[in-house]
Novice: 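To start, I am sharing the structure in question, which I have written as structure tokens.
Fair warning: this is a prediction, and the values are worked out from it, not measured in the lab. Quick note on labels: first sequence line is chain A, next is B, and so on, each numbered from 1.
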Amino acid sequence: MHISNKVLWAVISFVLGIITSSFFNFNINIFIIYIFFLIAVIVAIFLNKKIIIFIFILFFILGIYRFNLSKPDFTSVYNLNDSKVLITGFVDDLPEHKINKQNIILNNIIINNKNYKNKILIITELYPEYKINNYLEIECDLKTPEKFENFDYGAYLANKRIYKICYYPEIKIVANKNFTSHSFRDGGKNFFINLKLKQIDLIKNNLSPPHSALLSAIILDERSEMDAYTKELFSKAGISHIVAISGMNMAIIGFLIFWGFVYLGLSRKKSFKFIIIFLIFYVLLIGFMASAIRAVIMSLILMYGCKEGRLSSSTRALIFAAGFLLLLNPRLLRWDVGFQLSFLATLGIIYFYTIFDKWLKKIPEKIRAILAVTLSAQILTLPLIFYYFNIVSFISLITNILILPVLPVLMVLGLLFISLGFIWSKIAVVLGILIWGILEVIIKISEILVSSGFYFKI
Amino acid sequence: MPKKLKIFLIIIFFIIFIIFCVLYFNYNNNKFEVIFFNVGQGDSVLINLPGNNEILIDGGPDKTVLYKLNKYLPVYNRDIELMILTHPHADHITGLIEVLKRYNIKKIMRTGVEDNSEIYKEFINISNKKNIKIIKPEDFDKIKLDDKNILKIIYPRENLENKSFSDLNDSSIVVKLDTPEKDFLFTGDISVDIEKEIIVNGVDISADILKVAHQGSNTSSSEEFIKAVSPAFAVIPVGENNFGHPSLRVIHRLERLGAQILRTDQSGDIVF
């Protein structure tokens, strides 16, 4: 067996290990791992040269072990009772300014003179607005997140290592963390956060919600301004995926831009280069966000297949990427909808694009590419969307075919907007109007199609 | 390649052209509108005068007002000529803060009454930071908005700067919009006491459309006051609440005195 195949099997068994432990509760410790390791060695020795079985068992166990490391340990906030406590900590990320409340995530928290590594979510009034790096002291009534109807809020928050929430506590700003004296990494983080804040302001000063909220969600992954009406509208229309920087989204956008270049006469190799430059520029501009990097990885994997002219050559890269992302955070697999959708959409495009392309032979080439990519991206994600959102949108096919082609245009205009807008405010106004127009068309199309009632909700 | 590129560019310019056409036809600059926004339990009114001339009275209890402005103002219009803060209660001021941040406000009219809430501090901070001109209601009897429309200041007639009120509602700015066709009276949250004071002052407060004070609470809208206004329409901006707003007694009183009741919680945005 070729060496790269062995690595591939190692990754697959690692992922299988994570899958198994995500769904069955194993309380595994080093001792058990050691025993399994011994068994693996013995098996490998007895079944001469069957090293693959050894690799399989070893990485399977490593997968289980990695997952176990991600569980809340006994020193975590998870084990605290719901009670009144005094908490101090840093505001860790940009507070989310919702329509009628503010969500703050507190990190490096100290409760009763004890340090915790977890974060706490604070929900409070709109004003005063708290800022990142504020050091807060709060009188908190700890609450464990509860399940809404179908949505496991607790599991969702646990992905971000948040196990407790404070609703409308007394808050005092004690101090501000000063970044300039800190490390290079902090300085970088500070730079990109300031950049992002400026970009958000630029959007807010030129557009109003829901358009501003949609634009920040689509290009900056900043969804705090999204309102319930638009969310529901998009989920009924089957286009919720466009309001996040997801692999699904980026894969489709990258794919369409790639074929756009090819259509304009560029070679596949050159198109691939342009896509790489575009994606790097994009990641730089929005400040190396984790979600963006993840999405760009998915997109690049697909583009590689496009360049090679054989989409299936992307499979291996996709599995490696999934393994790598799960190594960083194994909880993504079961509890992160975005990860699941991205992976399945990319997988769908890789395997079903050519099939749909063949089926739709009679349709003109340009439309066929769009049709085939929307269909193949959705074929594996539909069951999942039904499972999570209890909506089967029969119109989603139509909305996606109408809306996905303008997504790359929106993306490019949005990026021009947040880069050129700083230099010349007139440009921002003109681009803002164009973006508004596109978003308005997207909203109107969804409204018209949703009013037809062809969606199915449990 | 050049031919394909040409087609590509033509399509793009065509799309841009369509967008601008839609914009142009969608927004007729010469219309006159007064819109009572449905912002839930709170007040927010936009007076949209011909020629991109807007007055925003209060902003409601959350950021909903932004959605409303987006709906009723063209995307390129980021200017609001005058913002009136009737009084600094959360259900009137909250939405204004976000409007202050995101729109270009030319002037703010406020009383400057004493209030220590965080929200009011934020309002003052932002208006100072953006260097927005502040005007005081007592300095004007009327403001000529254009050659037809006049904004009359009914209350307060004295300087309330840093004055403390046991009930901030009673510091509300009351204005009347005089137009050739119909008159509007905006009452903020004034209580019966202030209504009396206004009647005693002897100003003409008769109007076709009355914004009912304080979400139709029974502490406002006395019989004498409504008689003096004698409105054809009484608009009650109200949302879900635990205060029993609007009061049934007030509704009956308004109906008995010949006013048709319009509620934002039932009709959504109310446009005149």
Side-chain angles (χ1 to χ4, degrees), chain A residues 97-102 124-130 171 173 200-214 224-230 260-267 366 405-406 409-410 412-413 425-426 428-441 443-444, chain B residues 1-9 11-13 15-24 26 39-42 60-78 90-91 93-104 117-123 125-126 130:
Chain A
H97 302 293
K98 303 264 185 197
I99 192 160
N100 55 3
K101 61 181 186 203
Q102 207 177 158
T124 182
E125 314 276 352
L126 273 176
Y127 305 102
E129 290 187 340
Y130 296 96
I171 304 179
I173 300 178
I200 291 171
D201 273 350
L202 191 69
I203 292 173
K204 284 184 170 178
N205 288 334
N206 284 285
L207 294 168
S208 289
H211 301 82
S212 59
L214 284 174
S224 56
E225 237 190 4
M226 286 290 294
D227 57 302
Y229 170 79
T230 318
F261 280 143
V262 170
Y263 172 68
L264 288 177
L266 261 65
S267 71
K366 290 156 230 162
V406 297
V409 182
L410 190 63
V412 172
L413 284 178
S425 61
K426 289 269 181 351
V429 174
V430 174
L431 287 172
I433 293 172
L434 289 176
I435 289 168
W436 177 87
I438 293 173
L439 290 170
E440 185 70 13
V441 168
I443 295 172
K444 281 279 135 62
Chain B
M1 175 176 168
K3 195 187 161 201
K4 278 182 178 171
L5 201 62
K6 252 185 215 166
I7 298 172
F8 186 65
L9 287 177
I11 292 173
I12 286 181
F13 279 115
I15 293 170
I16 294 173
F17 178 71
I18 287 179
I19 290 173
F20 277 102
C21 283
V22 168
L23 277 176
Y24 183 79
N26 259 7
V39 290
Q41 176 71 358
D62 58 24
K63 297 178 183 173
T64 312
V65 64
L66 290 174
Y67 291 80
K68 302 298 182 187
L69 290 176
N70 194 19
K71 190 171 167 193
Y72 291 98
L73 294 181
V75 56
Y76 50 80
N77 185 0
R78 306 293 296 180
D91 55 338
I93 195 173
T94 310
L96 288 185
I97 293 178
E98 211 60 19
V99 177
L100 261 184
K101 282 186 184 169
R102 299 166 72 142
Y103 281 78
N104 182 14
S117 66
E118 290 291 341
I119 227 167
Y120 190 46
K121 275 182 213 155
E122 186 88 10
F123 182 88
N125 272 342
I126 296 168
K130 292 191 102 180

Novice: Could you give me the CA-CA distance, side-chain angles and deciding distance for A:Y127 and B:S117, then say whether side-chain contact (heavy atoms from CB on, under 4.5 Å) is met?
Specialist: CA-CA 10 Å; A:Y127 305 102; B:S117 66; over 6 Å; no
Novice: Less than 4.5 Å apart, side chain to side chain, heavy atoms only: is that true for A:P209 and B:N70?
Specialist: no
Novice: Carefully, step by step, assess B:R78 and A:S208 under the rule side-chain contact (heavy atoms from CB on, under 4.5 Å).
Specialist: CA-CA 9 Å; B:R78 306 293 296 180; A:S208 289; 3.1 Å; yes
Novice: side-chain contact (heavy atoms from CB on, under 4.5 Å) for B:E98 and A:H97? Distances and angles first, verdict last.
Specialist: CA-CA 11 Å; B:E98 211 60 19; A:H97 302 293; over 6 Å; no
Novice: If you take all heavy atoms of B:R102 and A:K204, which pair is closest and at what distance?
Specialist: NE-O, 3.2 Å
Novice: Measure across A:P128 and B:E122 and return the closest heavy-atom pair with its distance rounded to 0.1 Å.
Specialist: CA-OE1, 4.0 Å
Novice: Given that the side chain runs from C-beta out, which part of B:L66 has a heavy atom under 4.5 Å from chain A: side chain, backbone, both or neither?
Specialist: both
Novice: In terms of heavy-atom proximity below 4.5 Å to chain B, should A:E125 be classed as side chain, backbone, both, or neither?
Specialist: neither
Novice: So which of A:V409, A:N100, A:V429, A:L207 has the biggest tally of heavy-atom pairs under 4.5 Å with chain B?
Specialist: A:L207
Novice: In terms of heavy-atom proximity below 4.5 Å to chain B, should A:D227 be classed as side chain, backbone, both, or neither?
Specialist: both
Novice: With a 4.5 angstrom heavy-atom cut-off, could you sort out which part of A:E440 is near chain B: side chain, backbone, both or neither?
Specialist: neither
Novice: Let me know if B:K121 has heavy atoms under 4.5 Å from chain A in its side chain, its backbone, both or neither.
Specialist: neither
Novice: Once rounded to the nearest 0.5 Å, what's the spacing between atom OH of B:Y67 and atom NE2 of A:H211?
Specialist: 11.0 Å
Novice: Could you report the tightest heavy-atom contact between B:D62 and A:I99, atom names first, then the distance?
Specialist: CB-O, 3.3 Å
Novice: Between B:I119, B:I97, B:N125, B:N104, which has the largest tally of heavy atom pairs under 4.5 Å with chain A?
Specialist: B:I97
Novice: Go through the atoms of A:L126 and report whether side chain, backbone, both or neither lie under 4.5 Å from a heavy atom of chain B.
Specialist: side chain
Novice: Tell me, side chain or backbone of A:K101 under 4.5 Å from chain B's heavy atoms, or both, or neither?
Specialist: neither
